[in-house]
K.L.:
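Handing you this structure, nothing more for now.
Below, all heavy atoms of this structure are taken into account, side chains as well, without hydrogens, waters or symmetry copies. Atoms within each ligand, like the ligands themselves, are counted from 1 in listed order. Just so you know, residue 1 is the first one in the sequence shown, and it goes up from there.
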Amino acid sequence: MLCSMNSGVTLFSFTSLIILISCFPGHVTGAVVTLHSIELYKTHEWLSKPTVYFQCKGENKTILPDVKKTKVVYTFKGEESWQPLTNFTNKKCKRCGLYEKDFLRHDTFDEWEFCPSDFGGDTGTYTLLKEKEFNATFLCPECLDLMSDHKASPPPPLSDSEKKSGKKGLHVLVVIAICAAVAAVVIIGFVGGYKYYQKRKRQQEQARFLKLFEEHDDMEDELGLEEMI
Ligand SMILES: *[C@@H]1O[C@H](CO)[C@@H](O)[C@H](O)[C@H]1NC(C)=O
Ligand SMILES: *[C@@H]1O[C@H](CO)[C@@H](O)[C@H](O)[C@H]1NC(C)=O
Ligand SMILES: *[C@@H]1O[C@H](CO)[C@@H](O)[C@H](O)[C@H]1NC(C)=O
């Protein structure tokens, strides 16, 4: 009985823990980086059209299939088959670069530290201009969240344009409130169940005690009878 009670305690703690954890899904879902526009000022390839690709250290190459000519601004919607370029899961920078390949060799347009904190403005844009090489604009709206999540500073006052994110905050609050309520109900239920169990146990012990007493009485009665006989 005690053993089953203990496993009951464990089960309840475990369930509460699961509920609490599932209520607070980490905001780390990955901030996706897309290429918004690029203009090449020169290529390193003389014989054929260049194959331009983007790559972060330790990740796969992303070939930019349409980028072939210099002095042309290529703009993208961010939904192309080869997008996104990469993603950030935390504040940490990545070492990334823009390269060009042909049969014999790889050339580097540029290699740089790509950081979530580089992205700014309302939409999370980052323009990288490398003189005589290229001008590229990257988008990462979620990088702004990523950075603000890690800042301890209080949120700025709500302006009209920020009502939307305010609603999002409200939504999170509601979810947290519901989770707290569920957790409270589970804990109250558990405490109630435990109290009930203790009460029953006490009653059972009392009953056993009384029974023992009665048996004792009976025995005494019998003894008394025997003495009388
Ligand atoms: C982030 O990128 C990694 C590797 O590039 C990938 O495995 C993961 O699924 C991506 N996550 C998101 C949320 O896009
Ligand atoms: C890289 O590409 C290979 C083959 O295309 C694929 O199996 C692998 O999952 C990719 N890795 C990442 C991190 O995207
Ligand atoms: C680089 O590209 C961005 C986005 O297209 C543009 O706003 C900016 O003026 C360009 N800079 C130069 C020097 O061409």
K.L.:
Nearest protein heavy-atom contact for atom 4 (C) of ligand 3: which residue, which atom, what distance?
P.N.:
Thr137 OG1, 3.3 Å

K.L.:
Does atom 7 (O) of ligand 3 have a protein heavy-atom neighbour under 4.0 Å away?
P.N.:
no

K.L.:
Give a yes or no on whether atom 14 (O) of ligand 3 lies under 4.0 Å from any heavy atom of the protein.
P.N.:
yes

K.L.:
Who else is in Leu129's hydrophobic cluster (ILVMFWY, side-chain heavy atoms under 4.5 Å, direct or via others)?
P.N.:
Tyr41

K.L.:
Establish, yes or no, whether a centroid distance under 6.0 Å links the rings of Phe76 and Trp82.
P.N.:
yes

K.L.:
Note the single closest protein heavy atom to atom 2 (O) of ligand 3, along with its residue, its atom name and the distance in Å.
P.N.:
Asn135 ND2, 2.4 Å

K.L.:
Quick one: which ligand 3 atoms are inside 4.0 Å of a heavy atom on Ser37?
P.N.:
4 (C), 5 (O)

K.L.:
For a 4.5 angstrom cut-off between non-hydrogen side-chain atoms, does Thr51 reach Glu100?
P.N.:
no

K.L.:
Got a list of side-chain donor-acceptor pairs under 3.5 Å for residues 117-126, not counting sequence neighbours?
P.N.:
residue	atom	partner	partner atom	Å
Asp118	OD2	Cys115	N	3.0

K.L.:
Taking 4.0 angstrom as the limit and counting only heavy atoms of Tyr41, give me the atoms of ligand 3 inside it, by number and element.
P.N.:
12 (C), 14 (O)

K.L.:
Tell me whether the rings of Phe134 and Phe109 are parallel (<30°), tilted (30 to 60°) or perpendicular (>60°).
P.N.:
perpendicular

K.L.:
Just heavy atoms, cut-off under 4.0 Å: does Phe134 contact ligand 3 by side chain, backbone, both, or neither?
P.N.:
neither

K.L.:
Can you check whether Tyr53 reaches Leu64 side chain to side chain, under 4.5 Å on heavy atoms?
P.N.:
no

